[in-house]
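In what follows, a structure is listed as structure tokens, so that the remarks can point back to it.
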Amino acid sequence: VQLQASGGGLVQAGGSLRLSCAASGSILNINKMGWYRQAPGKQRELVATITSDNITHYADSVKGRFTISRDNARKTVHLQMNGLKAEDTAVYYCNAGVRYYNGRYYDLNDFWGQGTLVTVSS
């Protein structure tokens, strides 16, 4: 199973970016999906999560500015980021709880994407 994240880049404060993350592999189903971020010198923190029933949860710092969504058929999760601030600058990682076939049986594990850099200039 692989998660491929895309959509990061450089944007001015107040601007918008849309991150996407696609899962691939021998996937049976995907449970919770989410986005986390890690700023330089800081620990990785939760940004937003979404369950298979589309129940969402956001960090207080992004509520009202970011929107997480998923497309189960395409096995993708998106993060629409509006009103970006300099403090949103970080490497963003997608995460998914995946039930998959490992060649012998179905297993359940957490997977991470490779990270995509978001830089917000003030």
Side-chain angles (χ1 to χ4, degrees):
V1 174
Q2 288 188 330
L3 299 183
Q4 182 69 43
S6 61
L10 173 64
V11 64
Q12 288 188 335
S16 298
L17 280 175
R18 180 177 169 85
L19 305 183
S20 296
C21 178
S24 61
S26 299
I27 297 170
L28 179 62
N29 57 47
I30 303 176
N31 300 325
K32 186 180 291 186
M33 305 183 82
W35 290 94
Y36 294 72
R37 67 187 181 186
Q38 187 166 17
K42 294 187 177 182
Q43 290 188 330
R44 190 173 298 189
E45 63 176 4
L46 180 147
V47 176
T49 61
I50 184 168
T51 69
S52 56
D53 296 330
N54 288 320
I55 297 171
T56 58
H57 171 76
Y58 296 92
D60 288 342
S61 59
V62 307
K63 280 181 182 176
R65 300 187 298 122
F66 291 10
T67 301
I68 189 170
S69 62
R70 64 189 284 171
D71 183 333
N72 291 328
R74 290 182 169 82
K75 301 182 182 66
T76 58
V77 61
H78 306 284
L79 186 69
Q80 178 65 43
M81 304 185 293
N82 299 328
L84 282 161
K85 305 175 181 179
E87 51 263 43
D88 295 318
T89 294
V91 177
Y92 284 70
Y93 298 90
C94 58
N95 171 269
V98 180
R99 189 173 298 279
Y100 64 103
Y101 186 66
N102 66 12
R104 292 177 295 164
Y105 54 87
Y106 283 100
D107 201 356
L108 179 65
N109 209 343
D110 240 22
F111 291 90
W112 292 89
Q114 83 284 8
T116 184
L117 177 62
V118 172
T119 304
V120 184
S121 62
S122 55

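Just so you know, these numbers use all the heavy atoms, side chains as well, and skip hydrogens, waters and symmetry mates.
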(request) Indicate the atoms forming the closest heavy-atom contact of Arg70 with Asn54, along with that distance. (result) CG-OD1, 3.4 Å
(request) Mind checking ring-ring contact (aromatic ring centres under 6.0 Å, His included) for Phe66 and listing every partner two or more places apart, or none if nothing turns up? (result) none
(request) Please name the pair of heavy atoms, one in Leu19 and one in Met81, separated by the smallest distance, quoted to 0.1 Å. (result) CG-CE, 3.7 Å
(request) Give the other cluster members for Leu10, using side-chain heavy-atom distances under 4.5 Å between Ile, Leu, Val, Met, Phe, Trp and Tyr residues; answer none if it is isolated. (result) none
(message) With clusters defined by side-chain heavy atoms of hydrophobic residues (ILVMFWY) lying less than 4.5 Å apart, directly or transitively, does Val91 cluster with Val62?
(response) no
(message) With a 4.0 Å cut-off on N to O distance, would you call Asp88 and Lys85 a salt bridge?
(response) no
(request) Heavy atoms only: give me the nearest Ser69-Ile50 pair and the separation to one decimal. (result) CA-CD1, 3.9 Å
(request) Quick one: list whatever passes side-chain contact (heavy atoms from CB on, under 4.5 Å) with Asn102, sequence neighbours left out. (result) Tyr100, Arg104, Tyr105, Asp107
(message) Could you work out, with side-chain hydrogen bond (donor to acceptor under 3.5 Å, both in side chains) as the rule, every residue matching Asp110, not counting sequence neighbours?
(response) Asn95
(request) List for me each residue that meets side-chain contact (heavy atoms from CB on, under 4.5 Å) alongside Leu28, sequence neighbours excluded, and say none if there are none. (result) Arg99, Tyr106
(message) Tell me every residue that passes ring-ring contact (aromatic ring centres under 6.0 Å, His included) with Tyr58, counting only those two or more places apart in sequence or in another chain.
(response) none
(request) Could you tell me which residues satisfy ring-ring contact (aromatic ring centres under 6.0 Å, His included) with Tyr93, sequence neighbours excluded, listed by chain and number? (result) none
(request) Indicate yes or no for a side-chain donor-acceptor contact from Gln38 to the backbone of Ala90 under 3.5 Å, with no hydrogens or angles considered. (result) no
(message) Test your reading of the model: is there a side-chain donor-acceptor pair from Ser20 to the backbone of His78, 3.5 Å cut-off?
(response) no
(request) Check Leu79 against Ala48 and note the closest heavy-atom contact, atom names and distance. (result) CD1-CB, 4.3 Å
(request) Heavy atoms only: give me the nearest Arg65-Gly83 pair and the separation to one decimal. (result) NH1-O, 2.9 Å
(request) Take Leu46 and His57 through the test side chain to side chain contact (heavy atoms under 4.5 Å, CB included) and record every step on the way to the result. (result) CA-CA 10 Å; Leu46 180 147; His57 171 76; 3.8 Å; yes
(request) Could you note down all residue pairs passing disulfide (SG to SG under 2.5 Å) where residues 28-122 supplies at least one of them, sequence neighbours left out? (result) Cys21-Cys94
(message) Going by side-chain contact (heavy atoms from CB on, under 4.5 Å), name the residues that satisfy it together with Ser16, two or more places apart in sequence or in a different chain.
(response) Gln80, Asn82
(request) Search all heavy atoms of Ala23 against all heavy atoms of Ile30 and return the closest pair with its distance. (result) CB-CD1, 3.9 Å
(request) Could you list all the ring pair (Phe, Tyr, Trp, His ring centres under 6.0 Å) pairs where at least one residue sits in residues 8-45, not counting sequence neighbours? (result) Tyr36-Trp112
(request) Would you check if Asn31 and Leu108 make a side-chain contact, meaning some heavy-atom pair closer than 4.5 Å? (result) yes
(message) Rounded to the nearest 0.5 Å, what separates atom OG1 in Thr116 from atom CZ in Arg37?
(response) 14.0 Å
(request) Sort and list the pairs that fulfil ring pair (Phe, Tyr, Trp, His ring centres under 6.0 Å) and have at least one residue in residues 6-31, not counting sequence neighbours. (result) none
(request) With sequence neighbours left out, write down each residue that passes salt bridge (Lys or Arg N to Asp or Glu O under 4.0 Å) with Asp53, or none if nothing qualifies. (result) none
